[in-house]
K.L.:
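This is the structure, below, for whatever I ask next.
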Amino acid sequence: TAPRVRAMTVDDVVVRTIGLLALVVVAAGAVWTMVPVENAFGVAFPAAMVGLVLGLVIAFARITNPLLIGAYAVGEGVFIGAISHAFNDMFPGIVMQAVIATVGVFLLMAFLYKSGRIRATPKFVRFMVGALVGAAAVIVINLVITLVTGEATILRDGGPIAIIVSLVFIVIAALSFILSFHEVEEGVRLGLPQKYAWACSFGILVSLIWLYIEMLRLLSYFASE
């Protein structure tokens, strides 16, 4: 008979998510310590591009390879460390505020999902897919315009529209946790192989990083006024 493949559990996802977060924190801490603040943005941009490419490959190919997902975590850690160092130099204390806000939103969404107040119904899933695709398109188009013109667009210049855009992205990022929690729950219910716990952990990590960056950006808008 064929060998039995162990099914994934919630604990598998938790352990892998913590491990990926540890890679992000270690990489971020190393960059913060070793890279001078004046070079932070120069390090952040290539790291962000590497993370974007790896993230898209992993997401669309549904890759469960822990080495590739770990490489994504390290790349994003380098990006977060560099960008956080730069922002904290301009606005002391902003990084801790962003971290606390991110953790708070994550715990709130976990509570809302666990208590049944928000469920991943088919209608909710369709809405979130559309919202995520739309947000991704806006981010990519905005990035291209910024690279071509060398200036921040109205979506990221710190004005009223930029604040609204960040708030919308924060809401979408927060609600994306519901999709991740539902994916974990369904994976356990269906008895998917243990390797798919990596895919679930990757989804949670992506949402956490996106939420943190948007929190950091939003707080910087208010701090600069």
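In this text the structure is predicted, and so the values were computed from the model without any measurement. Atom set for the values below is all heavy atoms of this structure, side chains included, hydrogens, waters and symmetry mates excluded.
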K.L.:
What pair of heavy atoms forms the shortest contact from Ala98 to Leu219, and how long is it?
P.N.:
N-CD1, 3.6 Å
K.L.:
Is the count of non-hydrogen atoms from other residues, nucleotides or ligands lying under 6.0 Å from Leu56 atom CG greater than 12?
P.N.:
yes
K.L.:
Give a yes or no answer on whether the side chain of Ser166 reaches the backbone of Ile163 with a donor-acceptor pair at less than 3.5 Å.
P.N.:
no
K.L.:
I want to check something: taking the side chain as every heavy atom from C-beta on, are Val138 and Phe169 in contact at a cut-off of under 4.5 Å?
P.N.:
yes
K.L.:
Is there a continuous path of hydrophobic side-chain contacts, each under 4.5 Å between heavy atoms, that joins Val140 to Ile154?
P.N.:
no
K.L.:
If Ile, Leu, Val, Met, Phe, Trp and Tyr residues are connected whenever their side-chain heavy atoms lie under 4.5 Å apart, and connections chain through other members, are Trp32 and Leu208 in the same group?
P.N.:
yes
K.L.:
Any side-chain heavy atom of Glu183 within less than 4.5 Å of one from Tyr196?
P.N.:
no
K.L.:
Would you please test Arg119 and Glu185 for salt bridge (Lys or Arg N to Asp or Glu O under 4.0 Å) and show each step?
P.N.:
CA-CA 11 Å; Arg119 304 300 296 176; Glu185 189 175 62; 3.2 Å; yes
K.L.:
So, Asn39 side chain and Pro36 main chain: donor-acceptor pair closer than 3.5 Å or not?
P.N.:
no
K.L.:
With side-chain contact (heavy atoms from CB on, under 4.5 Å) as the test, pick out the partner of His85 among Thr33, Val95, Val37.
P.N.:
Val37
K.L.:
Is there a side-chain contact between Tyr72 and Val50 in this structure, where contact means two heavy atoms from C-beta onward sitting under 4.5 Å apart?
P.N.:
no
K.L.:
State yes or no: do Val24 and Ile18 share one hydrophobic cluster built from I, L, V, M, F, W and Y residues joined by side-chain heavy-atom distances below 4.5 Å, directly or via other members?
P.N.:
yes
K.L.:
Near Met96 CE, under 6.0 Å, is it more than 12 heavy atoms from other residues, nucleotides or ligands?
P.N.:
no
K.L.:
For Ala73 and Leu205, which heavy atoms make the closest approach, and how far apart are they?
P.N.:
CB-CD2, 4.0 Å
K.L.:
Determine, using the 4.5 Å side-chain heavy-atom cutoff (strictly less than), whether Val15 and Val25 are members of one ILVMFWY cluster.
P.N.:
no
K.L.:
How about Val31 and Phe79: do any of their side-chain heavy atoms sit closer than 4.5 Å?
P.N.:
no
K.L.:
Work out which heavy atom in Leu132 is nearest to a heavy atom in Ser176; give both atom names and the distance.
P.N.:
CD2-CB, 4.4 Å
K.L.:
Between Phe177 and Tyr113, does the ring centre distance come in under 6.0 Å?
P.N.:
no
K.L.:
Side-chain contact, heavy-atom cut-off 4.5 Å: Met8 with Pro193?
P.N.:
no
K.L.:
So, does Asn88 use its side chain to make a donor-acceptor pair with the main chain of Gly93 at under 3.5 Å?
P.N.:
yes
K.L.:
With a 4.5 Å heavy-atom cut-off, do Ile100 and Gln97 have their side chains touching?
P.N.:
no
K.L.:
With a 6.0 Å cut-off (strictly less than), is the heavy-atom count around CZ of Phe127, excluding the residue itself, greater than 12?
P.N.:
no
K.L.:
Could you check if a side-chain atom of Phe124 sits within less than 4.5 angstrom of a side-chain atom of Leu175, using non-hydrogen atoms only?
P.N.:
yes
K.L.:
Please check if the number of heavy atoms outside Glu38 that lie under 6.0 Å from its CD is greater than 12.
P.N.:
yes
K.L.:
Looking only at heavy atoms, what is the nearest atom pair of Ala199 and Arg62, with distance?
P.N.:
CB-NH2, 4.1 Å
K.L.:
Decide yes or no for Met215 and Val105: does some side-chain heavy atom of the first lie under 4.5 Å from some side-chain heavy atom of the second?
P.N.:
yes
K.L.:
Phe222, Val168: one ILVMFWY side-chain cluster at the under-4.5 Å cut-off?
P.N.:
yes
K.L.:
Tell me if a side-chain donor or acceptor on Ser201 pairs with a main-chain N or O of Arg16 at a distance below 3.5 Å.
P.N.:
no
K.L.:
Looking at Gly81, is its backbone amide N or carbonyl O close enough to the side chain of Ser84 to form a donor-acceptor pair, meaning the two atoms are under 3.5 Å apart?
P.N.:
no
K.L.:
For Ile204 and Ser180, which heavy atoms make the closest approach, and how far apart are they?
P.N.:
CG1-CB, 3.7 Å
K.L.:
Any ion pair linking Arg156 and Glu214 (charged N to carboxylate O, less than 4.0 Å)?
P.N.:
yes
